[in-house]
Amino acid sequence: MREATNSDYSAILSYLKDNRENCLYMYINIHRYGVTDAAMPVWVDFDHSGVCAVLTKYYNSFRLQCIEDYPGLAEIATIINNEPHKLVFCDDKQALRLMHSLTHHYELVESFFMRMPTRYRQFDFSKITLANEADIPTIAKLISSDSVYADQCEQDELVRQIIERQRTGMGLNFIIRNNEGEIVVHESIMAQTNDLMIGSQFICRSDMRKLFLAETMENYILKYAADSGKELYGVIVEDRRLRQWTTCGAQIVGRYCKLILQN
């Protein structure tokens with residue numbers, strides 16, 4: 001495995017596109033940032049058939065996509081061990097193998113990529129607005145208050161990530177405010193191309209969860225994707241949410257694991 005160069009871009013993107021439902025974030029990030037951006041190092045390995053493994057680091061997170069029987073996990077573990085990080089995302093088939101070569105202790109959390117339904121229910125969407133940069137520290141604080149997201153990164157780093165996503169056009173942040181003007185519901189488009197987008201960072205403040213504001217936001221995101229002519233994907237962690245979205249017509253298209261570094 002070696003650091004990628006610009007001459008590798010087409011081969012890497014083609015490989016990721018063929019497997020994109022298992023590595024949507026990586027595919028979109030490389031589609032947008034390329035393979036030589038200093039903010040997102042990319043490593044690649046080839047076998048006789050072409051690309052067989054891609055590793056990226058974005059802020060505090062590594063992402064790995066590789067063939068099922070990839071023999072170089074120990075080398076990948078060496079790269080990860082030598083870099084400061086908090087999270088490692090990889091295919092569920094590789095997670096346990098990779099953990100055996102990592103020197104630190106990790107918690108393993110299984111997640112599902114879902115293709116979200118195109119149908120939505122009609123609510124009063126007028127209360128949903130697009131957040132600006134001034135709102136981002138408040139959004140980051142709200143996201144970090146939820147146990148699903150609290151382990152992913154420090155609040156200041158989350159602010160920087162969201163700002164970067166907004167400025168590059170990769171991300172959008174939708175919010176609902178209460179009568180006092182406080183942000184109480186949030187969901188983002190974390191990454192997008194011309195034909196797909198990923199919804200993420202959905203959070204509704206606990207004291208507002210019986211007012212149908214969460215349902216309003218989720219259906220608005222479905223509508224936004226449909227109006228944009230793009231397929232919407234989501235990452236689901238909780239069993240309750242998995243059952244809910246499956247009932248609503250969402251389809252599981254991929255599974256991956258999140259390895260959370262334990263202090």
Side-chain angles (χ1 to χ4, degrees), residues 24-25 28-29 58-61 86-87 89 109 111-114 116-117 120-192 196-228 230 232-238 240-242 244-245 248 250 258:
L24 281 170
Y25 276 112
I28 295 175
N29 280 343
Y58 181 71
Y59 284 89
N60 70 346
S61 301
K86 178 66 176 177
L87 303 169
F89 297 92
V109 178
S111 303
F112 298 87
F113 272 126
M114 303 196 79
M116 308 308 282
Y120 58 88
R121 288 186 292 161
Q122 191 68 45
F123 287 85
D124 178 11
F125 297 134
S126 65
K127 54 189 71 174
I128 297 174
T129 59
L130 198 59
N132 56 42
E133 282 194 19
D135 297 317
I136 291 176
T138 303
I139 291 170
K141 184 177 180 179
L142 182 63
I143 293 170
S144 299
S145 70
D146 189 89
S147 60
V148 172
Y149 302 111
D151 56 26
Q152 296 201 9
C153 63
E154 298 297 328
Q155 191 171 312
D156 288 346
E157 182 171 303
L158 183 56
V159 169
R160 293 194 298 271
Q161 285 192 36
I162 296 173
I163 288 175
E164 180 186 335
R165 292 275 169 172
Q166 279 197 2
R167 289 180 178 178
T168 59
M170 284 277 279
L172 297 167
N173 300 83
F174 298 96
I175 56 174
I176 297 176
R177 298 180 188 271
N178 63 10
N179 292 335
E180 289 71 42
E182 301 168 321
I183 297 172
V184 294
V185 184
H186 169 267
E187 186 162 3
S188 67
I189 302 300
M190 275 294 289
Q192 58 183 321
L196 64 89
M197 58 178 59
I198 302 175
S200 184
Q201 297 176 331
F202 171 67
I203 178 73
C204 179
R205 206 172 73 181
S206 58
D207 60 325
M208 307 297 290
R209 292 178 182 172
K210 295 183 179 180
L211 302 177
F212 295 99
L213 297 179
E215 292 84 352
T216 299
M217 178 64 79
E218 290 189 312
N219 280 274
Y220 177 79
I221 297 298
L222 295 178
K223 178 181 184 299
Y224 181 83
D227 291 348
S228 302
K230 299 183 181 184
L232 176 66
Y233 291 82
V235 178
I236 306 297
V237 177
E238 299 169 294
R240 175 185 60 84
R241 298 275 291 161
L242 182 64
Q244 172 193 338
W245 278 114
C248 293
K258 175 173 64 175

Any donor-acceptor N/O pair, His186 side chain to Gln201 backbone, under 3.5 Å: yes
side-chain contact (heavy atoms from CB on, under 4.5 Å) assessment of Asp124 paired with Thr216: CA-CA 7 Å; Asp124 178 11; Thr216 299; 5.8 Å; no
CA sep, side-chain torsions, deciding dist, call: Ser188, Ile162, side-chain contact (heavy atoms from CB on, under 4.5 Å): CA-CA 9 Å; Ser188 67; Ile162 296 173; over 6 Å; no
Is any side-chain heavy atom of [Y] closer than 4.5 Å to one of [X]?
X      : Y      : result
Val235 : Tyr25  : yes
Glu164 : Tyr58  : yes
Arg177 : Asp135 : yes
Met217 : Cys204 : no
Gln244 : Glu218 : yes
Tyr120 : Tyr224 : no

Salt bridge Glu182-Arg205, side-chain N to carboxylate O under 4.0 Å: yes
Where Leu242 and Ile236 come nearest, the two heavy atoms and their spacing: N-CG2, 3.5 Å
Heavy-atom pair of closest approach, residues Leu142 and Ile183: CD2-O, 4.0 Å
Arg165, Arg167, Arg160 screened by salt bridge (Lys or Arg N to Asp or Glu O under 4.0 Å) with Glu133, the one that passes: Arg167
Mutual orientation of the aromatic rings belonging to Phe174 and Tyr220 [parallel < 30°, tilted 30-60°, perpendicular > 60°]: perpendicular
